[in-house]
Amino acid sequence: MKILAIANQKGGVGKTTTAVNLAACLADLGQRVLLADLDPQGNATMGAGIEKRTALPTVYQILLNQVSVREARMRSEPGHFDVIPANRELAGAEIDLVNLEQRDLRLKAALAEVADDYDFILMDCPPTLNLLTVNAFASAQSVLIPMQCEYYALEGLTDLVATIKKVKQRLNPAIQIEGLLRVMFDPRSMLAQQVSDQIKQHFGDKVYDTVIPRNVRLAEAPSHGLPVLAYDRQCKGAKAYMDLAAETLRRAGLNVKAIARETA
Ligand code: ADP
Ligand code: MG
């Protein structure tokens, strides 16, 4: 079982799109997947086809130890994976948790109970390095960092890498950077190419081979409450996220072809 946090403290860089679609593509390859939404905006919840306003309990009650993951999880029917939903209520979690014991380790403890139910647990982090993100990093084996190849992209990573280091020292010695994922990529842009080269120089084979192109179908799918596979399986975005799922399995040492045969 592998636990991945999908994080970048910048907003709008493709975290949620990556979380929902990687979850659906891993499920399509026969993996048992749980997606935990840790953003009060609840975009991953909605993108998985779950109505966030009526979703209850959510990850908020899990963090407060009021319910278990088993009680809170819901099914994404179009995505074929389970979801721990989130909604605006989660915005208060930082304050509510601050005086509680083990506030950094609450999610980890809750997820441990369902470890046997899944092959992958993905966590969609909020666009801040707050207590929710720390809970995600404390639970994760590794962090997947989606990034746009823009001018300030690398600069923004400094704080994120520093936070991962702190968590490594204090809470989770095993945590690693899983990989940097180039998203919304436009191969015709000179700047994107240059920044992409810089990222590769800096992070070497931590950079995923898979590149996610800018693709309007990826942006449309969430408004229908669908992962892109269920919305338009043939589009470039769907194919790219299938490639990412296959690469994720390869990196985890799993044989993609064998899995595809089993699930065919
Ligand atoms: P974050 O979770 O980091 O805030 P999102 O995944 O919500 O970012 O993406 C921000 C916006 O960009 C959303 O409107 C989303 O639909 C769109 N988007 C994300 N990835 C792509 C892509 N590869 N091509 C086109 N639009 C994308
Ligand atoms: Mg998001």
Side-chain angles (χ1 to χ4, degrees), residues 4-25 35-50 52 55 58-59 76 78-79 83-88 90-91 93 122-130 132-133 135-137 140 143-150 152-153 156-157 159-160 163 178-189 192 195-196 199 207-245 247:
L4 277 175
I6 297 167
N8 187 325
Q9 79 280 17
K10 276 180 90 173
V13 294
K15 289 182 290 299
T16 300
T17 304
T18 298
V20 169
N21 289 305
L22 180 57
C25 291
L35 171 61
D37 190 352
L38 297 180
D39 187 342
Q41 292 180 75
N43 292 344
T45 302
M46 297 290 277
I50 292 164
K52 67 181 172 188
T58 67
V59 69
S76 168
V83 179
I84 301 175
N87 58 30
R88 280 183 54 190
L90 186 60
L122 307 181
M123 295 176 283
D124 184 30
C125 292
T128 39
L129 296 171
N130 62 9
L132 295 167
T133 303
N135 262 277
F137 289 176
V143 186
L144 188 168
I145 305 170
M147 55 190 306
Q148 279 178 267
C149 292
E150 296 173 336
Y152 290 113
L157 285 183
D159 291 339
L160 179 58
T163 302
E178 176 75 20
L180 281 96
L181 176 67
R182 293 162 287 171
V183 300
M184 299 187 225
F185 194 77
D186 175 4
R188 290 161 305 178
S189 153
V195 175
S196 172
I199 292 169
V207 183
Y208 283 96
D209 294 333
T210 305
V211 175
I212 309 295
R214 190 172 281 286
N215 176 236
V216 69
R217 306 302 262 171
L218 286 171
E220 290 166 0
S223 65
H224 301 272
L226 295 173
V228 73
L229 271 190
Y231 179 62
D232 179 357
R233 213 186 155 89
Q234 298 306 323
C235 74
K236 270 184 2 195
K239 291 196 168 130
Y241 275 109
M242 280 308 291
D243 288 346
L244 179 66
E247 189 174 355

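Counting starts at 1 for both ligands and their atoms, following the listed order. FYI, side chains are in, hydrogens and waters are out, and symmetry mates aren't considered; it's all heavy atoms of this structure.
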*Under the side chain to side chain contact (heavy atoms under 4.5 Å, CB included) rule, what do C25 and L244 come out as? Steps first, then yes or no, please.*
CA-CA 8 Å; C25 291; L244 179 66; over 6 Å; no
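- Listed for the N130 side chain is a donor-acceptor partner under 3.5 Å among the backbone atoms of T133.
- Around ligand 1 you find G11, G12, V13, G14, K15, T16, T17, M184, I212, P213, R214, N215, L218, A219, each with a heavy-atom distance below 4.0 Å.
- In this structure, L160 and L129 have side chains that are in contact, with non-hydrogen atoms separated by less than 4.5 Å.
- For the pair N43 and P222, the minimum side-chain heavy-atom distance is 4.5 Å or more.
- Without hydrogens or angle criteria, Q148 side chain to M184 main chain gives no donor-acceptor distance under 3.5 Å.
- The set of protein atoms (N, O or S) found at less than 2.8 Å from the Mg ion (ligand 2) reads T16 OG1, by chain and number.
- Distance check, rounded to the nearest 0.5 Å: CD of Q9 to CG of D159 gives 5.5 Å.
- Take K10 and apply the salt bridge (charged side-chain N to carboxylate O under 4.0 Å, His left out) test, not counting sequence neighbours, and it matches E150.
- The backbone N or O of R217 sits nowhere less than 3.5 Å from a side-chain atom of D232 that would complete a donor-acceptor pair.
- Each side-chain hydrogen bond (donor to acceptor under 3.5 Å, both in side chains) pair with one or both residues in residues 234-245, not counting sequence neighbours, appears once here: T18-Y241.
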